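Take a look at the structure below.
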Amino acid sequence: MIAYIAFLRGINVSGKNKIPMAELRELCESIKLQDVKTYIQSGNIVFKSVIKSTSELERLIAAAILKRFGFEVPIIVKTVEQLSAILNENPFASNDKIIKKQLYFVLINEKPNIEGLSKFRTEVFTNEEFSISDSCIYLKCNAGYGKAKLNNNLLERKLKVLATTRNYRTMNKLLEMVG
């Protein structure tokens, strides 16, 4: 059994794409995922599976949600090792509590194309810093994510990737839940 974390994009936001976490856990168990736990309403699932492909797990969970709830949900699945690497490679890492509240992780499903990436790297966002890796865009939002111009929708549009954003606290909690 391998431990995984699934990140669902755009559920339980402004009353749209509602999925109660208890029902999500039941649904995951019905498709043979083991030790299923959820964390907060934004769609974070910790589980174990014998399936070794994250893309296969993404398709499996997405298909089950579509069948049960009637809408499509983009999903990114990471292994514990991948999530640990994302956290460890954070260029804005700090022990400062204020900085930790400014840190966001935009998980992406694939490496952005070189042309779009080159163009994007030249952009400047006031009170915001970013760094891009193959699987994550690290954000430091000095005025908070709610006021950020550099957000999930903009990154998806400019870099042409599927993305979902989580804060520092959530990422660490999910890793703790797996351990």
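Because the structure is a prediction, the values reported are computed rather than measured.
Contact annotation: the side chain of I45 never approaches that of I75 to less than 4.5 Å [non-hydrogen atoms, C-beta and beyond]. Inter-residue side-chain proximity for L159 and I108 is flagged as unmet; no heavy-atom pair is nearer than 4.5 Å. For the pair T54 and Q82, the minimum side-chain heavy-atom distance is below 4.5 Å. At least one side-chain heavy atom of L154 sits under 4.5 Å from a side-chain heavy atom of N151. Put simply, the side chain of I76 does not reach to within 4.5 Å of the side chain of R9, judged on heavy atoms. Looking at heavy atoms from C-beta onward, V46 lies out of side-chain contact with Y39 at the 4.5 angstrom threshold.
With rounding to the nearest 0.5 angstrom, the CG atom of N172 is 14.0 Å from the CZ atom of R166. Between the CG atom in N17 and the CD1 atom in I11 there is a gap of 8.0 Å [rounded to 0.5 Å]. Taken to the nearest 0.5 Å, the NZ atom of K160 stands 9.0 Å off from the CZ atom of R157. With values rounded to the nearest 0.5 angstrom, Q102 atom CD is found 9.0 Å from S94 atom OG. Note: K119 NZ to E115 CD = 7.0 Å, rounded to the nearest 0.5 Å. Separating the CD atom in E156 from the CG atom in N109 is a distance of 8.5 Å, to the nearest 0.5 Å.
Judged by distance alone, the side chain of Y145 and the main-chain N or O of N167 form no donor-acceptor pair under 3.5 Å. Looking at E128, its side chain does come within 3.5 Å of a backbone N or O of L150 through a donor-acceptor pair. Between the side chain of N127 and the backbone N or O of A143 there is no donor-acceptor pair closer than 3.5 Å. Between the side chain of Q34 and the backbone N or O of K48, no donor-acceptor pair lies under 3.5 Å. Checked by atom type and distance alone, the side chain of Y138 pairs as donor or acceptor with a backbone atom of I86 at under 3.5 Å. Between the side chain of N152 and the backbone N or O of A163, at least one donor-acceptor pair lies under 3.5 Å.
Annotation: side chain to side chain donor-acceptor pair (under 3.5 Å) contacts of N88 (sequence neighbours excluded): none. With sequence neighbours excluded, the residues that form a ring pair (Phe, Tyr, Trp, His ring centres under 6.0 Å) with F130 are F120.
A single hydrophobic cluster is seen to contain both F92 and L107, as judged by linkage of ILVMFWY side chains at heavy-atom distances under 4.5 Å, directly or through other members. One hydrophobic cluster, built from ILVMFWY side chains closer than 4.5 Å, cannot hold both F7 and I137; they sit in different ones. Cluster membership for Y4 and I61, using ILVMFWY side-chain heavy atoms within less than 4.5 angstrom, is shared. L83 and I2 fall into different hydrophobic clusters, where Ile, Leu, Val, Met, Phe, Trp and Tyr residues are linked whenever their side-chain heavy atoms come under 4.5 Å apart, directly or through other members. V77 and I5 are not part of a single hydrophobic cluster, where members link through side-chain heavy atoms under 4.5 Å apart.
Across every non-hydrogen atom of S133 and P112, the tightest pair is O-CD, 4.5 Å. The two atoms that bring S42 and N44 nearest to each other are OG-ND2, 3.2 Å, heavy atoms only.
Residue R68 places its CZ atom among more than 12 non-hydrogen atoms of other residues, nucleotides or ligands, all under 6.0 Å distant. The environment of NZ in K158 is sparse: at most 12 heavy-atom neighbours from other residues, nucleotides or ligands sit within 6.0 Å.
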Can you give me every donor-acceptor pair (side chain of residues 18-31, partner residue at least two apart or in another chain, under 3.5 Å) with its distance?
from	atom 1	to	atom 2	distance (Å)
R25	NH1	T38	OG1	2.5
S30	OG	L27	O	2.6

Check the pair E89, C136 against side chain to side chain contact (heavy atoms under 4.5 Å, CB included), reporting the backbone distance first and the verdict last.
CA-CA 10 Å; E89 293 167 11; C136 183; over 6 Å; no

Applying side chain to side chain contact (heavy atoms under 4.5 Å, CB included), run through Y168 and I99 and close with a yes or a no.
CA-CA 10 Å; Y168 176 87; I99 292 175; over 6 Å; no

Show your reasoning for whether side chain to side chain contact (heavy atoms under 4.5 Å, CB included) applies to E56 and L60.
CA-CA 6 Å; E56 186 178 335; L60 180 68; 5.6 Å; no

Could you go through F105 and T170, starting from their C-alpha distance and side-chain angles, then the distance that decides it, and tell me whether this counts as side chain to side chain contact (heavy atoms under 4.5 Å, CB included)?
CA-CA 10 Å; F105 300 80; T170 296; over 6 Å; no

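Using a cutoff of 4.0 Å between basic side-chain nitrogens and carboxylate oxygens, K149 and E123 are not scored as salt-bridged. Classification of E176 and K173 as a salt-bridged pair holds, one side-chain N sitting under 4.0 Å from a carboxylate O.
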